[in-house]
Number of protein chains: 2
Amino acid sequence: MKQIERRSDCPISLSLDIFGDKWTLLILRDFIFFNNRHFNELVTVEKISTNILADRLNRLLENDIVKKEIDRNNKSSYLYSLTEKGIDLIPIVIEIYKWGANNIDENNANSEFKNEVNSNFSKVTSEIVERIKTTHNNVYKT
Amino acid sequence: MKQIERRSDCPISLSLDIFGDKWTLLILRDFIFFNNRHFNELVTVEKISTNILADRLNRLLENDIVKKEIDRNNKSSYLYSLTEKGIDLIPIVIEIYKWGANNIDENNANSEFKNEVNSNFSKVTSEIVERIKTTHNNVYKT
DNA sequence: AATAGTGCTTGCGAATTACAAGTGCAAATA
DNA sequence: TATTTGCACTTGTAATTCGCAAGCACTATT
């Protein structure tokens, strides 16, 4: 894996150096919407190749956006989960969902959820954040 | 230019098929924050190469996110500007700004603007949207 | 001891990117 | 009128990255 070099100090440029590619935000979508947390679950993300997934997870680990722990329920497996910094990305992912649902034809958005996102963005977002925080804190308690 | 093929019908996946790369959202940042609208202005975007810029602008044109018109003030030049669909992307770009400003070290965010974005996101966003709409409607009136 | 599951890594051809240089056209200048 | 300048790209090419298939190391199960 090669870290993309810093193009400038603009917050947007710096952010895109980390997650501005075809796959990273889709992987984060899996954490957020599907709660997929094992490598073998994440590899179903729109058929991403395993080498690309491994590369992106490493980049996210390096940037402290996800963390990796041994799964207490299956010790030969790892659990990936969002850090605080990763949870902070949730509004971006939901904004992208919203834009796609409103602006791209033939998307499969759930119309109820789409309406919720359009009318109560911050409520939807904070509910998802809470759910993720609860789930991801329970790693050792399940 | 080759359009990335549709990976799935998920709104996020479809959105990232359009702007999920290192450069596209940075170009949109230039429209939004710097009001850069000519090819020669946009090419200063963190030193993007001209072939990549041309490719991305064509993709944005095809997807009805930007439009292209002859500049009335300089007929050998073109003005690119955001369509309604492009203006709808502004919240995404500002969320990315916000995340980068809050989560990446050594970013050059203006601290006043950063505070505004953190405390009054929707106000900041709608002000920027209004400014862009006004500017981009005045193409033929300046 | 053999098999299966999990999380990767490796090899390689194909596709994409970045950098430099060049092109075509309109407008300004000599 | 001829030449130069500015603008918006296009082309060529080497390097990088990607996607697919296969393989590997480790653990747990049978």
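Quick note on labels: first sequence line is chain A, next is B, and so on, each numbered from 1. These numbers were taken from a predicted model, which means no experiment stands behind them.
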- Query: Are any of B:Tyr80's side-chain N or O atoms less than 4.0 Å away from OP1 or OP2 of D:dC9?
  - Reply: yes
- Query: Roughly, in whole Å, what's the span from CD in B:Glu69 to P in D:dA8?
  - Reply: 14 Å
- Query: Is there a donor on the side chain of A:Thr50 or the base of C:dT9 sitting less than 3.5 Å from an acceptor on the other?
  - Reply: yes
- Mind calculating the distance between CG (B:Leu42) and P (D:dC9) to the nearest angstrom? 10 Å
- Rounded to whole angstrom units, what separation is found between the CG atom of A:Asn74 and the P atom of D:dA28? 8 Å
- Message: On the nucleotide C:dG7, are OP1 or OP2 found under 4.0 Å from the side-chain N or O atoms that A:Ser77 carries?
- Response: yes
- Distance, rounded to the nearest Å, where A:Glu41 contributes CD and C:dC8 contributes P: 13 Å
- Message: Closer than 3.5 angstrom, by distance alone: can the side chain of A:Asn115 be matched with the main-chain N or O of A:Ser111 as a donor-acceptor pair?
- Response: yes
- Identify the heavy atoms of A:Glu106 and B:Arg6 that sit nearest to each other, and give their distance. O-NH1, 3.5 Å
- Rounded to the Å, how far apart are B:Asn73 CG and C:dA27 P? 13 Å
- Query: Checking side chain to side chain donor-acceptor pair (under 3.5 Å) for the pair B:Asp9/A:Asn108: CA distance, chi angles, key distance, verdict?
  - Reply: CA-CA 5 Å; B:Asp9 294 334; A:Asn108 65 7; 5.3 Å; no
- Query: For the pair made of NE2 in A:His38 and P in C:dG5, what is the distance, rounded to whole Å?
  - Reply: 15 Å
- Task: Output yes when at least one side-chain N/O atom of A:Trp23 is less than 4.0 Å from OP1 or OP2 of D:dC18, else no.
- Result: no
- Task: Could you tell me whether the phosphate oxygens of D:dC18, OP1 or OP2, come under 4.0 Å of any side-chain nitrogen or oxygen in A:Arg56?
- Result: yes
- Message: Whether B:Lys68 contacts D:dC9 is assessed here as follows: a side-chain N or O lying under 4.0 Å from the phosphate OP1 or OP2. Is that the case?
- Response: yes
- Task: Answer yes or no: does a side-chain N or O of A:Lys47 lie under 4.0 Å from OP1 or OP2 of D:dC18?
- Result: no
- Assign each of A:Ser49 and A:Lys75 the nucleotide of DNA chain D bearing its closest heavy atom; nearer the 5' end lies the nucleotide of A:Ser49
- Query: Rounded to whole angstroms, how far apart are CZ on A:Arg7 and P on C:dC19?
  - Reply: 11 Å
- Please tell me if the side chains of B:Leu53 and B:Trp23 come closer than 4.5 Å, counting only heavy atoms from C-beta onward. no
- Note on the structure: Here the distance between atom P of C:dC25 and atom CZ of B:Phe39, to the nearest Å, is 17 Å
- Can you find a side chain N or O atom of A:Asn51 that sits less than 4.0 Å from OP1 or OP2 on C:dT9? no
- Check step by step if salt bridge (Lys or Arg N to Asp or Glu O under 4.0 Å) holds for A:Lys22 and A:Glu46. CA-CA 11 Å; A:Lys22 271 175 65 183; A:Glu46 268 60 309; over 6 Å; no
- Note on the structure: Of the candidates D:dC7, C:dT9, D:dC9, the side chain of A:Ala54 sits closest to C:dT9
- Task: Respond yes when some side-chain nitrogen or oxygen of A:Lys22 is under 4.0 Å from OP1 or OP2 of D:dG19, and no when none is.
- Result: yes
